[in-house]
Amino acid sequence: VHTFDKCRNKAESGRELGCDEATIRRALARARRAGIHPTPPPPTKYEGQLVVVAQGDLHDAPDVPSARFKWLGRYVAEIQPDIFYDIGDSITLNSCAAMVPNETVAGKLKPSFMEDMASAHEAWNVFDAECPVDGGPERRKTRGNHEHRLYKFEDRTPEVAGMMQFEYQRVLDRHGFTETEYGEISFCGGVGFVHVPRVANDALFDIVFGHSHRKNHFRSAKIGNNQHINVVNLGCGLPEGYVEDYAKMATTGWWWGTHKLTIQDGHIQSVEAVTMKELERRYG
């Protein structure tokens with residue numbers, strides 16, 4: 001618990017102690033049952049203005065063109081935000097997709113895990129060439145359900161526990177990302193960033209999220225003098241018009257692009273959406 005207090009997330013605690021995230025999760029559960037709890041983080045001070053480029057689900061995969069990582073990298077380099085947020089699902093990880101059994105024809109066509117990792121490295125290399133890790137904005141990532149596939153795969157296959165996490169962590173480290181685990185909220189200037197919010201409308205702070213691939217921004221009033229929260233759904237970062245196979249027979253309403261957010265006084269003050277078509281027009 002002391003190490004978790006210092007590191008504040010399970011992945012970092014595991015690296016500090018030399019064990020995997022699942023071991024940390026079990027240890028914390030035992031501590032809670034014994035009445036031992038992590039100390040809450042200190043309250044956040046909202047000072048000054050923060051500019052954030054927040055990116056919805058990029059869904060890199062070996063068979064998806066990566067040119068959009070170049071356009072996005074150039075955009076971030078031009079904007080020079082304080083923080084670049086990857087909201088999760090930047091890697092599709094079809095290699096770990098449990099809903100496609102390996103013994104089926106579709107299952108035999110799935111990429112290998114290492115092919116997925118190599119594709120992710122290459123996509124972020126394209127981004128890094130336009131917006132270098134050193135000297136660029138801080139990079140944060142909230143783990144998506146697609147990245148979480150590998151943790152569930154390891155849980156089902158204990159013989160490889162920790163091995164896939166190691167390769168995934170190499171992607172994060174090489175490209176400068178710090179990550180919060182799936183479902184955990186990452187705070188920036190009092191605004192919460194998470195891949196899938198549980199109940200965004202009932203939150204007491206602004207929420208930025210992804211997952212649905214649909215763009216939305218609304219302001220929800222709360223009781224009190226000028227009390228409200230902003231809720232921003234980032235859409236996705238796939239190529240313009242690209243719809244994944246599982247959704248091709250559904251009404252999607254997907255939106256493709258990125259967002260620039262201005263944060264001050266604990267709230268999102270402005271939201272600028274830029275479509276993937278516009279990114280291509282500017283930087284293609």
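Just so it is clear, the model here is predicted, and its values are computed rather than measured.
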**Asked** Okay, side chain of W254, backbone of G241: is any donor-acceptor separation there less than 3.5 Å?
**Response** no
- Task: Answer yes or no: is there a donor N or O on one side and an acceptor on the other, between the side chain of R149 and the main chain of L93, under 3.5 Å?
- Result: yes
Rounded to the nearest 0.5 angstrom, the CD-OG distance for Q227 and S220 is 12.0 Å
In D134, D82, D128, the residue satisfying salt bridge (charged side-chain N to carboxylate O under 4.0 Å, His left out) with R139 is D128
| message | I'd like to know if the side chain of R68 and the backbone of P65 have a donor-acceptor N/O pair within less than 3.5 Å. | response | yes
| Note, V208 side chain near N233 side chain (heavy atom, < 4.5 Å) | no
Quiz item: Counting distance only, does the side-chain N/O of D60 pair as donor-acceptor with the main-chain N or O of S66 below 3.5 Å?
Solution: no
### Task
Spell out, as yes or no, whether a donor-acceptor pair under 3.5 Å connects the side chain of N94 to the backbone of K110.
no
Between the CZ atom in F218 and the CD1 atom in I229, the distance rounded to the nearest 0.5 Å is 6.5 Å
For L58 and G237, the nearest pair of non-hydrogen atoms, with its separation, is CD2-O, 3.5 Å
In terms of heavy-atom contacts, L234 and H259 come closest through O-CE1, 3.4 Å
All heavy atoms of I83 vs all of C188, minimum pair found to be CD1-SG, 3.5 Å
Tightest non-hydrogen contact, residues G284 and W71, listed as CA-NE1, 3.4 Å
Taken to the nearest 0.5 Å, the spacing of M276 CE from L72 CG works out to 7.0 Å
Close side-chain approach of N145 to Y182, heavy-atom, < 4.5 Å: yes
Aromatic ring centroids of H59 and H213 under 6.0 Å?
yes
**Prompt:** Do the ring planes of H175 and H121 sit parallel (below 30°), tilted (30 to 60°) or perpendicular (above 60°)?
**Reply:** tilted
A side-chain contact here means heavy atoms from C-beta on lying under 4.5 Å apart; do F84 and V52 qualify?
no
**Message:** Applying a strict under-4.5 Å side-chain criterion to I, L, V, M, F, W and Y, I'd like to know whether V191 and V196 cluster together.
**Reply:** no
Any side-chain donor-acceptor pair under 3.5 Å between T142 and D86?
no
**Asked** Strictly by modelled atom types, are S270 and T262 linked by a side-chain donor-acceptor pair under 3.5 Å?
**Response** yes
Residues V232, N216; criterion side chain to side chain contact (heavy atoms under 4.5 Å, CB included); working and verdict
CA-CA 6 Å; V232 179; N216 199 3; over 6 Å; no
Output for pair (S119 OG, I91 CD1), nearest 0.5 Å, gives 8.5 Å
For the pair D265 (side chain) and H267 (backbone), establish whether a donor and an acceptor sit closer than 3.5 Å, ignoring hydrogens and angles.
no
Within-4.5 Å side-chain heavy-atom neighbours: P137 and P81
yes
TODO: Give the intermediate values and the outcome of salt bridge (Lys or Arg N to Asp or Glu O under 4.0 Å) for residues R140 and E138.
DONE: CA-CA 7 Å; R140 298 184 187 180; E138 179 186 351; 2.8 Å; yes
* Asked: Should the heavy atoms of other residues, nucleotides or ligands under 6.0 Å from CZ of R170 be counted, would the total exceed 12?
  -> no
Q.
Distance to the ring centre below 6.0 angstrom and angle to the axis at most 45 degrees; does that hold for R143 and Y151?
A. yes
**Study point:** M163 and F113, any side-chain heavy atoms less than 4.5 Å apart
**Key:** no
Kindly say whether N230 contributes a backbone atom to a donor-acceptor pair with the side chain of D206 at under 3.5 angstrom? yes
task = Determine whether F177 and V133 fall in the same hydrophobic cluster, where Ile, Leu, Val, Met, Phe, Trp and Tyr are linked whenever their side-chain heavy atoms lie under 4.5 Å apart.
result = no
Report task. Indicate, with yes or no, if L150 and V160 share a hydrophobic cluster defined by side-chain heavy-atom contacts under 4.5 Å among Ile, Leu, Val, Met, Phe, Trp and Tyr. Result -> yes
- Are a donor atom and an acceptor atom from the side chains of D89 and H195 found within less than 3.5 Å of each other? yes
T157 side chain vs F153 backbone, donor-acceptor pair below 3.5 Å: yes
Scanning both residues in full, the closest heavy-atom pair of P111 with D116 reads CG-OD1, 3.5 Å
Between the OH atom in Y75 and the OG1 atom in T258, the distance rounded to the nearest 0.5 Å is 6.0 Å
> When you measure from the centre of the six-membered ring of Y283, is the NZ or CZ of R74 under 6.0 Å away and within 45° of the axis?
Replying inline: no
query: With a 4.5 Å limit on heavy-atom distance, are the side chains of E244 and L238 in contact?
result: yes
Check your understanding: Does Q55 use its side chain to pair, donor to acceptor, with the backbone of G257 at less than 3.5 Å?
Key -> yes
Closest heavy-atom pair, A120 versus V171, reported as atoms and distance to 0.1 Å, is CB-CG1, 4.3 Å
Test item: side-chain donor near acceptor, Y85 and S186, under 3.5 Å
yes
Would you call E280 and K277 a salt bridge, using N to O less than 4.0 angstrom?
no
Any side-chain heavy-atom pair of V231 and F209 under 4.5 Å
yes
Here the gap from H146 atom NE2 to C96 atom SG, rounded to the nearest 0.5 Å, amounts to 11.5 Å
* **Side-chain touch L261/Q269, heavy atoms, less than 4.5 angstrom** => no
### Query
So, S90 versus K141: side-chain donor-acceptor pair below 3.5 Å or not?
yes
Original post:
Taking R198 for the side chain and A203 for the main chain, is one N or O donor matched with an acceptor at less than 3.5 Å?
Top reply: no
Checklist entry - Is there a path of hydrophobic side-chain contacts, each under 4.5 Å between heavy atoms of I, L, V, M, F, W or Y residues, that connects W255 with V271? => result no
task: Indicate the ring-plane relationship of W124 and F127, choosing parallel, tilted or perpendicular according to the 30° and 60° boundaries.
output: perpendicular
